[in-house]
Amino acid sequence: MTDRGNEAYFGQRLLRWYRKERRDLPWRRSRDPYHIWVSEIMLQQTRVDTVIPYFNRFVERYPTLRHLAEAPEEDVLKHWEGLGYYSRARNLQAAVREVVERYGGEVPRGKAEVSGLKGVGPYTAGAILSIAYDQPEPAVDGNVMRVLSRYFCLEDDIARPATRTAMEGLARSLIPEGQAADFNQALMELGAMVCTPKSPSCPSCPVGERCEGRLRGREKELPVKTKPKKARPVYRIAALIEGTGANAGRVLVCQRPETGLLARMWELPHVEVPDDKVWGRLDEAAGRLKAALAEEGIRVRVDASEEVGEAQHVFTHLVWNIKVLGAAVLDEREAAGSGYRWVGAAEFESYAWPNVFRKLLTEYFLFRQKA
DNA sequence: AAAGCGGGGCA
DNA sequence: TGCCCAGCTTT
């Protein structure tokens with residue numbers, strides 16, 4: 001299927017196209033392995049246009065790996081706010097600290113060493129080694145699997161790990177001598193700009209005339225990918241608790257656990273209820289909220305008639321449906337415990353919030369400001 | 001192999 | 001609405 005002549009055709013046509021059409025992206029203006037690394041972590045499951053402003057802020061705030069290694073964790077999380085998949089931020093900082101301690105502050109050049117860093121999987125390791133150090137390692141992401149599936153008319157399910165492994169072997173065999181950096185980026189660039197998921201621009205494709213998928217009229221059916229399961233709805237009741245006296249103008253918030261969903265981010269205290277029926281009955285919902293807070297040592301009076309907000313937050317694997325009820329603490333000293341804080345409009349911006357709570361609280365503080 | 005893990009853009 | 005995005009880690 002891939003005789004020498006076709007490999008040369010593919011690589012040379014792709015490289016020529018890339019050197020003419022490549023986008024001017026912030027991380028392409030440097031060969032600093034640390035900058036390449038940061039960009040690749042941010043780009044995991046995240047679009048280029050979304051990443052650009054985050055990348056620029058991040059490298060300005062943490063110009064070198066040592067700056068990042070020495071930063072407070074919550075500072076790093078705050079810079080990641082809104083980007084999603086927050087374990088990436090924690091893993092990245094843990095990994096740069098390891099590079100400082102074990103490799104003298106220089107991103108290692110060995111495949112085993114790079115792959116051993118937290119948050120660095122097969123794709124990211126290949127991307128760092130090829131783009132920063134020009135090593136002939138494949139970097140197979142969703143773009144590359146789509147391009148190869150179409151070009152070679154491969155019907156293997158790209159959701160299967162075994163397919164990705166096979167694609168790595170194929171991609172490795174296609175790397176032109178000494179041009180791994182440009183070739184890998186060219187492959188991804190083609191997937192992003194020409195060989196797009198829907199309605200690919202085959203007429204302007206540099207390798208279209210030998211694309212098996214297109215020649216067989218199959219380009220729109222490829223790649224084959226099993227569908228993910230639908231997100232599961234969950235129902236939650238949150239408390240908006242306003243402070244009084246010294247805490248006037250502030251709201252009681254709490255920090256999420258160290259691991260799992262939205263780890264270490266801040267939110268309104270809330271409780272999950274079994275189903276949408278309980279969620280819809282405000283008196284029962286209020287009772288469950290009050291009981292949950294009592295478990296934390298915080299006694300509150302919840303006003304079931306005072307629904308102050310409602311929001312939906314869609315994750316990949318679940319959907320949060322949130323009702324917000326107004327409430328008041330009986331004794332403000334009870335809410336001084338670990339993980340709980342009174343936060344006002346002034347401090348609000350220095351905490352890291354999931355989007356849904358950032359929106360709810362922004363709305364609230366704006367409302368209070370007017371009142 | 002399957003599930004957990006964000007958020008946004010686009011047809 | 002559903003799909004996909006320069007994926008990795010844990011179970």
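Residue numbering restarts at 1 for every chain, and letters A, B, ... go by the order of the sequence lines.
- Contact annotation for A:S39: no contact, since no heavy-atom pair falls under 4.0 Å across all strands.
- For A:I131 and A:L117, each mapped to the nucleotide of DNA chain C holding its nearest heavy atom, the one lying further toward the 5' end belongs to A:I131.
- Comparing B:dG8, C:dA6, B:dG7 by their nearest atom to the side chain of A:M188 picks out C:dA6.
- Nucleic acid contact class of A:L25 (heavy atoms, under 4.0 Å, all strands): base.
- Residues A:R28 and A:V120 both approach DNA chain C. Their nearest nucleotides, taken by heavy-atom distance, put A:R28 toward the 5′ side.
- When the nucleotides C:dC3, C:dG2, B:dG8 are ranked by their closest atom to the side chain of A:N355, B:dG8 comes out on top.
- A:P122 comes within contact range of the sugar-phosphate backbone alone, with a heavy-atom separation under 4.0 Å but no base atom that close.
- What separates CG of A:D49 from P of B:dG7 is a distance of 19 Å, to the nearest Å.
- Two residues are said to be in side-chain contact when any heavy atoms from C-beta on lie closer than 4.5 Å; A:I128 and A:V107 meet this criterion.
- Within 4.0 Å (heavy atoms only), A:W320 reaches no atom of the nucleic acid at all.
- Among the heavy atoms of the strands lying under 4.0 Å from A:Y123 is at least one base atom, whether or not backbone atoms are also near.
- Among the atoms of the strands shown, base atoms are found under 4.0 Å from some heavy atom of A:L83.
- Side-chain atoms of A:Q93 come within 3.5 Å of backbone N or O of A:A71 as a donor-acceptor pair.
- At distances below 3.5 Å, not a single donor-acceptor pair connects side-chain atoms of A:R358 with backbone N or O atoms of A:E81.
- In this structure, of C:dA6, B:dA3, B:dG6, it is B:dG6 that holds the atom nearest to the side chain of A:T46.
- The side chain of A:T124 approaches C:dC8 more closely than any other nucleotide in the set C:dC8, C:dA6, B:dC5.
- Protein atom CE of A:M167 is 16 Å distant from nucleotide atom C1' of C:dA6, rounded to whole Å.
- Although no hydrogens or angles enter the test, the distance criterion places a donor-acceptor pair under 3.5 Å between the side chain of A:R28 and the main chain of A:R23.
- Not less than 6.0 angstrom separates the ring centroid of A:W320 from the ring centroid of A:Y235.
- In this structure, of B:dG7, C:dG2, B:dA1, it is B:dG7 that holds the atom nearest to the side chain of A:F315.
- Among the nucleotides C:dC5, C:dC3, C:dA6, the one closest to any side-chain atom of A:K225 is C:dC5.
- Among the protein residues, A:R23 comes within range of the nucleic acid bases, having at least one heavy atom under 4.0 Å from a base atom.
- Look at A:K229 and you'll find a side-chain N or O under 4.0 angstrom from OP1 or OP2 of B:dA3.
- In terms of position on DNA chain B, the residue among A:H317 and A:T50 whose nearest nucleotide sits closer to the 5' end is A:H317.
- Across all strands shown, A:G191 has no heavy atoms under 4.0 Å from either base or sugar-phosphate atoms.
- Residue-to-nucleotide contacts include no donor-acceptor pair under 3.5 Å from the side chain of A:R88 to the base of C:dC8.
- Of the listed residues (A:E332, A:E242, A:E347), just one forms a salt bridge (Lys or Arg N to Asp or Glu O under 4.0 Å) with A:R250, and that residue is A:E347.
- Atom OH in A:Y85 sits roughly 13 Å away from atom P in C:dA6 (whole-Å rounding).
- Toward the 5' end of DNA chain B, the nearer of the two residues A:H313 and A:P161, judged by each one's closest nucleotide, is A:P161.
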